[in-house]
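I have placed the structure first, in the form of structure tokens, so that the comments after it can refer back to it.
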Amino acid sequence: MSTSHASHPDRLLPADPATRDIARRLLANVEELPIISPHGHLDPAMFTSDEAFPDPTSLLISPDHYVTRVLHSAGVDLADLGVGGHECDPREAWRIFCRNWGLFPGTASGYWLEQEFEHVFQINPDRISAENADEIYDELSAIIARPDFRPRALAEEFDLEVLATTDDPMDTLEHHRALAEDPTFSPRVLPTFRPDAYTKMYRPDFAANVEKLIDSAGEGKGGYEGYLQAMRSRRQYFIDHGATSSDHGTHNADTAPLSPAEAQALLDKGLRGEATFAEALAFEANMTYRFAEMAQEDGLVMTIHPGVYRNHSSSAAEKFGADTGHDIPFQLEYTRGMQPLLSDFGENPDFHLVLFSIDETVFSRELAPLAGYYPSTFVGAPWWFIDEIDAMNRFRAATTGITGFSRYSGFIDDTRAYCSIPARHNTSRRVEAGYLARLVAEHRLSEDRAAEIIVDLIDASPRRVFKL
Amino acid sequence: MSTSHASHPDRLLPADPATRDIARRLLANVEELPIISPHGHLDPAMFTSDEAFPDPTSLLISPDHYVTRVLHSAGVDLADLGVGGHECDPREAWRIFCRNWGLFPGTASGYWLEQEFEHVFQINPDRISAENADEIYDELSAIIARPDFRPRALAEEFDLEVLATTDDPMDTLEHHRALAEDPTFSPRVLPTFRPDAYTKMYRPDFAANVEKLIDSAGEGKGGYEGYLQAMRSRRQYFIDHGATSSDHGTHNADTAPLSPAEAQALLDKGLRGEATFAEALAFEANMTYRFAEMAQEDGLVMTIHPGVYRNHSSSAAEKFGADTGHDIPFQLEYTRGMQPLLSDFGENPDFHLVLFSIDETVFSRELAPLAGYYPSTFVGAPWWFIDEIDAMNRFRAATTGITGFSRYSGFIDDTRAYCSIPARHNTSRRVEAGYLARLVAEHRLSEDRAAEIIVDLIDASPRRVFKL
Amino acid sequence: MSTSHASHPDRLLPADPATRDIARRLLANVEELPIISPHGHLDPAMFTSDEAFPDPTSLLISPDHYVTRVLHSAGVDLADLGVGGHECDPREAWRIFCRNWGLFPGTASGYWLEQEFEHVFQINPDRISAENADEIYDELSAIIARPDFRPRALAEEFDLEVLATTDDPMDTLEHHRALAEDPTFSPRVLPTFRPDAYTKMYRPDFAANVEKLIDSAGEGKGGYEGYLQAMRSRRQYFIDHGATSSDHGTHNADTAPLSPAEAQALLDKGLRGEATFAEALAFEANMTYRFAEMAQEDGLVMTIHPGVYRNHSSSAAEKFGADTGHDIPFQLEYTRGMQPLLSDFGENPDFHLVLFSIDETVFSRELAPLAGYYPSTFVGAPWWFIDEIDAMNRFRAATTGITGFSRYSGFIDDTRAYCSIPARHNTSRRVEAGYLARLVAEHRLSEDRAAEIIVDLIDASPRRVFKL
């Protein structure tokens with residue numbers, strides 16, 4: 001602990017004294033609850049091998065595009081940070097980070113990093129500077145060499161109860177199986193079925209992926225029929241390994257189904273590399289519909305997060321690959337797009353559909369009205385760029401008046417940055433406490449009811465929505 | 001009265017003590033003013049027959065899609081709530097409602113219901129629970145059997161000065177006439193000309209409606225000419241029965257006029273059931289323009305509220321009909337769409353045009369800039385999903401900096417739920433007081449001026465804008 | 001000074017006492033800093049001639065469409081305010097303004113006017129009324145006749161350090177040269193290269209403008225080649241006269257480049273007046289790309305502000321010309337539109353691109369994510385309709401969590417109203433102080449760091465971004 005603002009017990013709570021007092025009391029109900037993380041991007045092998053993290057840079061910087069993009073915006077070459085597998089001197093990258101620490105105040109990433117330094121590493125973040133870069137690098141190196149900083153030990157320390165990963169349909173899930181069978185490891189590490197690489201004809205690896213999928217899981221069937229069969233088979237395989245949800249990073253929110261003949265024709269074009277972008281999107285929309293159809297049978301929760309222009313900077317994409325900080329949101333519509341799917345499956349309360357958005361405008365206009373009617377539909381937590389403090393408050397203020405608190409997915413950390421998980425979940429708990437405290441202070445909600453609601457939001461919602 | 005938060009005199013006012021004190025003083029100027037409701041969906045026959053409400057469920061639940069949608073989102077079958085004319089056991093429906101009371105906190109509907117229970121029925125809303133369902137049902141049944149709970153008595157109790165209904169152009173308006181001629185009934189109950197059923201070719205009843213309209217009101221003319229004539233005649237009939245406005249629930253905000261020949265050709269296609277959706281929209285846009293043109297002559301205020309995907313859940317629409325909670329907003333644009341109409345009629349200060357939106361993004365981007373220039377144009381109050389407390393605050397903050405307070409329609413309750421009217425108007429008064437108090441507390445407005453403004457907003461604006 | 005709220009030292013600061021105390025301390029760091037105005041619409045001849053302003057109306061009302069639109073919305077004829085060169089009686093126009101002073105409270109324009117009266121003219125704005133109109137007109141007339149109210153004296157009084165104007169590419173820039181060479185005038189008055197009149201084929205003067213441009217600056221080349229050469233030459237001429245930026249009021253944010261042959265073909269059609277609107281937009285998009293390409297060579301900062309439907313009221317445009325208060329924003333997208341430009345030039349940290357928006361929804365969805373990755377890209381300050389207090393706060397809350405404070409353009413006053421400049425910049429300083437104070441009060445930022453940030457935002461950002 002230190003004297004930095006990151007250590008203040010009232011951090012993120014509202015400034016108004018009476019509201020803050022209420023928020024403190026509400027927070028006390030949930031601050032120590034275990035972490036339930038139904039969607040994220042950690043590698044499960046981390047827990048089977050349980051090796052020490054090699055160095056501060058590869059733990060905290062290189063793999064986290066939330067962090068590297070900020071540095072890059074100030075002119076830092078991504079190569080110097082070890083992005084996209086580029087070799088870098090980890091100490092030199094760390095110095096770059098420390099020199100640019102002044103870019104982070106006010107950002108969500110900066111807040112999480114401060115919390116990590118303060119609460120995970122017990123390093124006062126106010127010390128970070130160009131001058132102290134080497135000293136802190138050495139301190140961190142010593143810390144991550146300690147046995148209590150191995151991944152499994154941290155999982156206990158973080159009080160991780162459930163952690164879902166995001167996995168390729170062809171994954172063997174051997175690590176998930178090993179962890180499930182390991183009586184010495186208590187967190188539930190669950191796979192998530194993410195078929196994007198097999199549904200997007202505009203990806204260069206589409207044909208190869210699909211052929212491999214049909215060959216190995218089509219159960220002897222070919223073409224579109226084999227393709228659907230393979231999806232069904234692999235979903236079942238995932239369910240058998242603990243999966244409760246499938247995740248779909250679609251381009252847009254369209255869900256118009258195709259007839260089998262239309263789908264077969266498009267699939268053929270896609271496999272030949274001849275599909276137009278519009279045709280690829282039509283096929284993708286059909287598949288979103290088909291996955292919902294499969295979920296009526298197998299019960300997998302379905303999460304959809306459309307609306308991102310991937311790899312916006314062509315030159316950087318070529319040099320560093322995907323997920324390197326220049327996926328840029330675009331404007332989206334769900335009302336018309338989701339209509340075919342919802343009209344056919346939306347009335348089924350056993351079907352769970354979580355709609356995420358990175359376009360804040362749809363929360364009050366489309367997602368809250370949809371989730372406030374369809375028993376299947378839940379509003380996903382603010383995600384990615386907008387999982388930050390003010391945006392999380394805007395999310396609550398945009399959705400609650402329309403749907404209340406019962407149609408919320410529960411908080412989603414969606415992270416590759418293991419050590420940021422406690423900070424992210426704690427942030428969410430503080431934001432919920434602050435929001436509910438305002439309703440209480442404005443005499444819109446009794447404090448007793450608010451205390452029940454916050455426990456429901458943090459703990460019961462994700463269990464209920466993700467069928468955990 | 002009770003000890004629930006719904007009875008607190010400071011409910012909805014800002015938490016900051018100094019701001020709240022200002023808000024309290026501002027509210028005192030308007031809290032007791034009579035209710036002016038220039039747009040809503042009550043049945044005027046309610047006041048001519050003045051019968052007791054049959055039971056709590058048919059008064060408070062079945063007809064209110066704001067309420068039934070919330071229950072449905074939790075998996076309740078709309079049939080069990082008596083939606084769409086389905087027979088239900090009212091006591092059993094009431095039990096369902098009470099069992100699910102926990103879904104409502106934080107929602108606008110929940111807040112209004114609490115206020116109704118607290119202030120109209122003198123029932124502490126904190127008592128509502130599965131356990132107390134029958135007891136409260138019996139209490140409510142006894143209350144609505146009392147003579148002072150008949151519709152006319154309540155109108156006096158609510159201090160209703162003006163109440164506009166929404167009526168079909170072919171309506172005889174006999175109830176409006178009877179009420180106007182009744183010296184024992186003081187509220188002005190005015191009809192509103194709502195021609196949607198006669199302008200939307202994509203409605204199955206379009207051809208039948210239009211043929212009937214032309215036959216009975218076309219004054220011997222046929223075709224498009226007779227159609228326009230019939231609209232003019234019926235508008236005059238409405239004016240003769242007290243109407244001051246026409247209301248248009250258009251699909252989008254387009255207003256491009258057609259030549260008579262083009263319009264005639266489209267009308268013919270529409271009557272034959274052969275118009276495409278695009279053609280239907282073109283005809284609807286033309287009619288929006290034509291209604292504005294008629295208003296130059298007859299002076300009816302024109303209100304437009306586009307942007308809703310009606311009957312989103314096809315299966316529910318088939319089973320329960322329209323207005324059952326799954327009309328979902330979509331993204332909209334007004335700037336280009338309204339240009340033909342505004343460019344031709346917008347400069348006329350005697351023409352009053354009120355633009356509503358359910359897409360909050362257009363308030364600062366389009367509606368406030370339009371209303372801040374055109375002397376004809378007013379920004380409609382937040383409506384439907386967004387007539388809730390936080391959204392009303394966002395509305396003020398989005399529009400005031402651009403247009404000030406003078407271009408506001410006045411509050412619109414738009415309701416079918418009679419007993420929610422006082423709560424809705426009171427909410428609006430509290431939100432205005434809170435918003436103005438913030439400006440005063442931030443030294444952006446003097447308190448004297450704020451006191452004048454709040455009276456203007458609550459009382460003078462709707463009279464002025466709706467020509468009451 | 002007076003007792004009006006406009007004179008209150010805490011004006012615009014947050015109401016919460018603890019937050020306000022922090023804001024006061026933060027504000028003290030920047031309130032007296034010189035004014036840097038990197039984009040605006042003053043006429044540089046004002047400073048070379050240094051004549052007294054003729055009368056209050058032509059100084060404060062006629063040229064300021066922010067003000068005249070508000071009066072017009074209440075039914076005032078723009079002709080009576082001297083808009084668009086219409087002759088008006090300035091005293092009568094002033095009376096109209098005073099009579100309608102009650103329209104302004106709550107608006108950004110009203111706030112600036114109050115500040116001007118209070119702090120520039122030392123007239124208590126609470127005195128403004130129909131009754132006092134003549135008296136105040138006489139007082140103002142006496143004030144502007146004083147030598148210390150000439151443009152140059154006011155520039156010293158306002159502490160103007162840098163003031164950029166907006167200029168036609170064919171402008172001789174003689175006034176800029178004269179001011180630069182005048183040792184008795186300290187502010188830097190810089191031209192800005194604004195080529196819109198030469199890139200928009202849908203303007204009636206396009207062909208004449210382009211022909212003149214190529215003839216005089218094409219260096220003997222013709223066609224598209226001469227057109228590009230002329231642009232390059234005139235940019236260099238502007239640079240030689242102190243320009244550091246070019247400004248582009250594009251219709252939308254598209255930037256797809258054309259091949260030389262395609263561009264030549266479109267240019268030919270445009271010059272013949274035969275280009276469709278879509279073709280005109282394609283040519284404009286290509287030119288946005290080409291100006292960015294030129295900036296790689298000559299280093300001019302590029303500012304882009306798309307998304308406005310110009311001259312919305314056709315009748316008013318005919319009568320009063322452009323820039324008369326009815327340019328209306330529309331919805332826009334940047335992510336796809338800017339991709340060609342950014343993908344080719346966005347990674348260059350020496351290229352500075354400032355993206356403005358009048359559509360608030362793109363701040364968190366598109367602009368902050370773009371500026372948070374591309375080293376070239378900065379988020380422009382809220383502009384035009386949304387450079388008001390609440391919108392400026394929303395801007396901060398929408399962008400900071402994603403990009404922090406380092407990708408901000410600095411405040412832009414964009415004004416034609418000379419005497420409003422101090423009020424506008426002071427407003428920005430107060431808003432920044434209030435926003436940062438909230439982060440400090442919520443323990444998201446240390447006060448020491450906030451004090452550094454506010455100085456950077458107000459002073460260093462515009463110098464850095466605009467290469468001043």
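Model, not experiment: these values are computed from the prediction. Residue numbers start from 1 in every chain, and the chains themselves are labelled A, B, ... in the order their sequence lines are given, proteins ahead of strands.
The contact between B/R449 and chain C is made entirely by side chain atoms (from C-beta outward), counting heavy-atom distances below 4.5 Å. Residue C/F104: no heavy atom, backbone or side chain, is found under 4.5 Å from chain B. For B/S446, the parts sitting under 4.5 Å from any heavy atom of chain C are the backbone and the side chain alike. Using a 4.5 Å cut-off between heavy atoms, C/T68 makes no contact with chain B at all. Neither the backbone nor the side chain of C/L332 comes within contact range of chain B; no heavy atom of the residue lies under 4.5 Å from a heavy atom of that chain. Neither the backbone nor the side chain of B/A18 comes within contact range of chain C; no heavy atom of the residue lies under 4.5 Å from a heavy atom of that chain. With a threshold of 4.5 angstrom between heavy atoms, B/A368 approaches chain C through N, CA, C or O but not through any side-chain atom. With a threshold of 4.5 angstrom between heavy atoms, C/A391 does not approach chain B through any atom at all. In this structure, chain C has no heavy atom under 4.5 Å from any part of B/A450. In this structure, no portion of B/I22 lies under 4.5 Å from any heavy atom of chain C. Looking at B/E347, only its side chain comes within 4.5 Å of chain C, counting heavy atoms on both sides. Proximity to chain C is limited to the side chain of B/Y435, based on heavy atoms less than 4.5 angstrom apart. If you measure heavy-atom distances from B/T400 to chain C, the contacts under 4.5 Å come from both the backbone and the side chain. Within the 4.5 angstrom heavy-atom criterion, atoms from both the backbone and the side chain of C/L12 approach chain B. When heavy atoms are compared at a cutoff of 4.5 Å, B/L436 does not approach chain C at all.
Under the 3.5 Å distance criterion, with hydrogens and angles disregarded, no donor-acceptor pair is assigned to the side chains of C/H5 and B/E447. Remark: the C/E360 side chain and the B/T361 side chain contain no N/O donor-acceptor pair separated by less than 3.5 Å. In summary, the side chains of B/Y373 and C/H312 do not present any donor paired with an acceptor at a separation below 3.5 Å, with no hydrogens or angles considered.
At least one donor-acceptor pair under 3.5 Å links the side chain of B/T335 to the backbone N or O of C/P329. Proximity of a side-chain donor or acceptor of C/S73 to a complementary backbone N or O of B/P375 within less than 3.5 Å is not detected.
The salt bridge (Lys or Arg N to Asp or Glu O under 4.0 Å) pairs that include a residue from residues 426-437 of chain C are C/E31-C/R430, C/R396-C/E432, where partners are two or more places apart or lie in different chains. The stretch residues 453-466 of chain B participates, sequence neighbours left out, in these side chain to side chain donor-acceptor pair (under 3.5 Å) pairs: B/E161-B/R463, B/D456-B/R464, B/D459-B/R463, B/S461-B/R464.
Chosen from B/D350, B/L370, B/L342, the residue pairing most often with chain C at heavy-atom distances under 4.5 Å is B/L370. With chain C as the partner, the residue from B/E366, B/Q339, B/R365, B/R407 showing the most heavy-atom pairs under 4.5 Å is B/R365. Between chain C and the options B/S406, B/S364, B/P17, the largest number of non-hydrogen pairs under 4.5 Å is found for B/S364. With chain C as partner, the option from B/E333, B/R438, B/E452 having the largest number of non-hydrogen pairs under 4.5 angstrom is B/R438.
Atom-to-atom distance recorded for C/T107:OG1 and B/F405:CZ is 9.5 Å, nearest 0.5 angstrom.
Using a cutoff of 4.0 Å between basic side-chain nitrogens and carboxylate oxygens, C/D390 and B/R394 are not scored as salt-bridged.
Annotation: cation-pi pair B/R336/C/F330 present, NZ/CZ under 6.0 Å from the ring centroid and within 45° of its normal.
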